[in-house]
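Every heavy atom of this structure was used, including side-chain atoms; hydrogens, water molecules and symmetry mates were not.
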Amino acid sequence: MSFPPDIEIASKARLKPLADIAADMGIPAEMFEPYGAGAAKINLNAIEAMSAQPKARYVVVSAITPTPLGEGKTTTTVGLGQAFQHIGRTATIAIRQPSMGPTFGIKGGAAGGGYSQVVPMELLNLHLTGDMHAVTAAHNLCAALLDAHLYHGNETGLDIHNIIWRRVLDVNDRALRNMTIGLGGRLHGVPRESGFDITAASEVMALLSLCCDLRDFRQRLSRIVVGYTKQGIPVSAEDIGAAGAMAVILHEAVKPNLMQTLENTPVLVHTGPFGNIATGNSSIVADQIGIRSSDFLITEAGFGADMGAERFFNVKCRYSGLAPDAVVLVATVRGLKAHSGNHRIIAGRPLPEALLAENPDEVHAGGDNLRKQIENIRLHGCTPVVAINVFPGDHEADIAAIHEIATEYGVRAASSTHFVDGGRGAAKLAEVVTEAAEEPNQFTMLYPDAASLKEKIEAVATKVYGASGVSYTANARKQLKTYTDAGFADLPVCIAKTHLSISSDPSLKGAPVGWTLPVREVRSSVGAGFIYPICGNINTMPGLGKSPAAHRIDIDSKGNIIGLS
């Protein structure tokens, strides 16, 4: 008997009234704002109202470097959250909202999988409460006001060759990456080069995820830098009169969304900054609510531990003031075999038979990636729990090889079958995470605020990525000087690179050494609160493949959405 599709499983979920879930979390009724049957907004006043409630253990879920096979990090996050009720504890989950670009591009959905899903999964993947559209609208209003400012005299003296504020859209569309705008004559604006990024890469999205309250939110909007004068003086969203209107558009989007899992575990879904371009973490305000709502708060950091977890430690925790009590590192047999470099995996084609054959030696060979990611977490004073996401057909000897790697490095490990068995299948993992969270750790950040931007970049490159050094283009060096001169050197860095390798080269598997990180460009997200170097061939607007998920997504005559996964 074949395993049912995710959307079929989700359609049979027995949802609990969200008002009851909110009450169980200790959220005051007046802070609960229903948005239809499947979601609700939580007013930020709940943070203060819940401040006297006991503080949860804070757990972040990360993973080995992703492979085309998928390691199931969101599924593990959901399964682990569900598992705590099976061992007599309570948990709240905090995750990002999926971008519709990847939903209609490659992924086809990002609500977890199997019997560890957030529901209604259609709602989560498609629009939810409209936060993505609000971010898009606020970002593009700023762009429109900027071009109107240029057209009506440019009082701030913006250099049209040094305007960094582009436009955004929550669709994968490579044709919009670069363009010339303002064509058609004087009445149609000032001609200049610009382009589009995807909404998840918007500074507004990152800002929304990193603000701590409404006042901080408004101040961050005012600090957004849209461009520079010829003298290198930054011009902000406040300077062009955009920040206030942007705040009004976003006044509902700043509130976290409440949903639930298949087993009625509460889920706070809020913001969706990209993991290889921005911070790849859900919002601070969602965590501030979740941290007072249960015994455990389980959140997820995007892509591998060198990406989302590094940003979680050095950017998100820097601004939230929260520190993790435990870190979960998701690994799979198939993923580690892929990191051996012995297999060619092509999307849409059957997996190589050799990949599926029992081969613990190959798991150990690919285990270099797991070993390095364990080291990356330990760099920050935390010891991870290795969560072995077991797939049907995995061999016991291969699973045992992952346990051996964990033992070799002195870390706990637990196998989990949450995809097939839901929370019950992750009960052992929940027990091990509980043990880890009750032990003291010495959480530390990788670099101080006072370090130079180059020192911060090089600390991440050499210590986390394993690079031997960093190279900078002339343009990147000039940009770093501009940001330093403008007073932005105290900001953390968020390095944009491929997520498919610890290095900047997606073809390098395992834990490559002896390579140099190439910084070709450096951008600023001053409002959000970080500087982001762009390394290698990274696009801030993805493109669609030949057979995107959009080709398979449809609606039937009864109104049921089909094709999401």
Side-chain angles (χ1 to χ4, degrees), residues 139 142 162 164-165 197 201-213 215-228 232-239 243 271 273-281 283-284 301-302 307-322 380 444-465 470 472 475-497 517 519-535 538 540:
H139 184 115
C142 183
N162 201 3
I164 61 175
W165 196 255
D197 299 325
S202 166
E203 180 177 350
V204 177
M205 180 65 80
L207 179 157
L208 203 62
S209 75
L210 292 171
C211 70
C212 296
D213 53 43
R215 181 175 181 177
D216 182 35
F217 163 66
R218 179 60 180 83
Q219 289 175 342
R220 286 175 183 268
L221 285 171
S222 72
R223 294 198 298 266
I224 288 173
V225 173
V226 298
Y228 295 83
I233 299 170
V235 177
S236 70
E238 195 73 52
D239 292 334
T271 71
F274 256 22
N276 66 338
I277 297 168
T279 53
N281 283 266
S283 75
I284 287 174
M307 301 288 285
E310 185 273 315
R311 287 104 187 261
F312 173 85
F313 296 137
N314 294 303
V315 182
K316 185 177 180 180
C317 291
R318 192 178 298 266
Y319 288 122
S320 72
L322 298 173
H380 297 88
T444 184
M445 294 176 196
L446 194 63
Y447 50 78
D449 292 344
S452 70
L453 291 174
K454 276 192 173 182
E455 287 171 336
K456 292 169 183 174
I457 294 168
E458 288 159 15
V460 177
T462 59
K463 296 179 180 179
V464 176
Y465 303 160
V470 180
Y472 302 89
N475 186 44
R477 287 195 296 271
K478 179 182 177 182
Q479 290 163 331
L480 285 170
K481 184 179 186 304
T482 296
Y483 302 146
T484 300
D485 292 346
F488 305 148
D490 61 336
L491 296 177
V493 295
C494 179
I495 298 177
K497 72 170 187 71
L517 182 72
V519 179
R520 63 174 175 85
E521 179 185 355
V522 184
R523 297 185 186 178
S524 62
S525 287
V526 179
F530 56 81
I531 301 296
Y532 67 109
I534 298 179
C535 305
I538 293 295
T540 51

One should read off an interatomic distance between F312 CZ and S320 OG, to the nearest 0.5 angstrom, of 7.0 Å
When rounded to the nearest 0.5 Å, the distance separating OH of Y532 from CD1 of I538 is 11.5 Å
| Check: F488 and T482 side chains under 4.5 Å, non-hydrogen atoms | no
Here the gap from Y483 atom OH to D490 atom CG, rounded to the nearest 0.5 Å, amounts to 15.0 Å
*Please confirm whether the backbone N or O of V522 pairs with a side-chain atom of Q479, one donor and one acceptor, at under 3.5 Å?*
yes
Show, in sequence, the C-alpha distance, side-chain angles and deciding distance for L480 and I457, and conclude whether the side chain to side chain contact (heavy atoms under 4.5 Å, CB included) test is met.
CA-CA 11 Å; L480 285 170; I457 294 168; 4.1 Å; yes
Could you please spell out the steps behind the side chain to side chain contact (heavy atoms under 4.5 Å, CB included) verdict for Q219 and E238? CA-CA 9 Å; Q219 289 175 342; E238 195 73 52; over 6 Å; no
By side chain to side chain contact (heavy atoms under 4.5 Å, CB included), T484 pairs with (sequence neighbours left out) L453, A489
Distance col, row I284:CD1 vs L208:CG, nearest 0.5 angstrom, shows 11.0 Å
Judged by atom type as modelled, is there a donor-acceptor pair below 3.5 Å linking the side chain of D216 to the main-chain atoms of C212?
yes
Side-chain heavy-atom pair R520, N475 within 4.5 angstrom cut-off: no
(Q) Does any part of the side chain of N314, heavy atoms only, come nearer than 4.5 Å to the side chain of P492, both counted from C-beta? (A) no
Would you check if F530 and L210 make a side-chain contact, meaning some heavy-atom pair closer than 4.5 Å?
yes
Heavy-atom nearest pair, D239 first then P234, reads OD2-O, 4.1 Å
In terms of heavy-atom contacts, V526 and L491 come closest through CA-CD1, 4.2 Å
Residue pair Y447, V460: steps toward the side chain to side chain contact (heavy atoms under 4.5 Å, CB included) verdict: CA-CA 9 Å; Y447 50 78; V460 177; 4.0 Å; yes
- Message: Is the shortest side-chain heavy-atom distance between N281 and V315 below 4.5 Å?
- Response: no
In short, E458 meets Y472 closest at the heavy-atom pair OE2-OH, 2.9 Å
- Cation-aromatic face contact K497/Y465, 6.0 Å, 45 degrees: yes
Closest heavy-atom pair, I277 versus C494, reported as atoms and distance to 0.1 Å, is O-SG, 4.0 Å
request  = For K456 and D449, indicate whether the former's side chain and the latter's backbone hold a donor-acceptor pair under 3.5 Å.
outcome  = yes
Worked verdict on R523 versus I534 for side chain to side chain contact (heavy atoms under 4.5 Å, CB included): CA-CA 8 Å; R523 297 185 186 178; I534 298 179; 3.4 Å; yes
Q: Taking only Lys NZ, Arg NE, NH1 and NH2, and the carboxylate oxygens of Asp or Glu, determine whether E203 and R220 approach each other closer than 4.0 Å.
A: no
When every non-hydrogen atom of I164 is compared with those of S524, the smallest separation belongs to CD1-OG, 3.6 Å
To the nearest 0.5 Å, atom CE of M205 lies from atom OG of S202 at 7.0 Å
In short, A206 meets P273 closest at the heavy-atom pair CA-CB, 4.4 Å
Rounding to 0.5 Å, atoms OG (S525) and CZ (R223) come to a distance of 12.0 Å
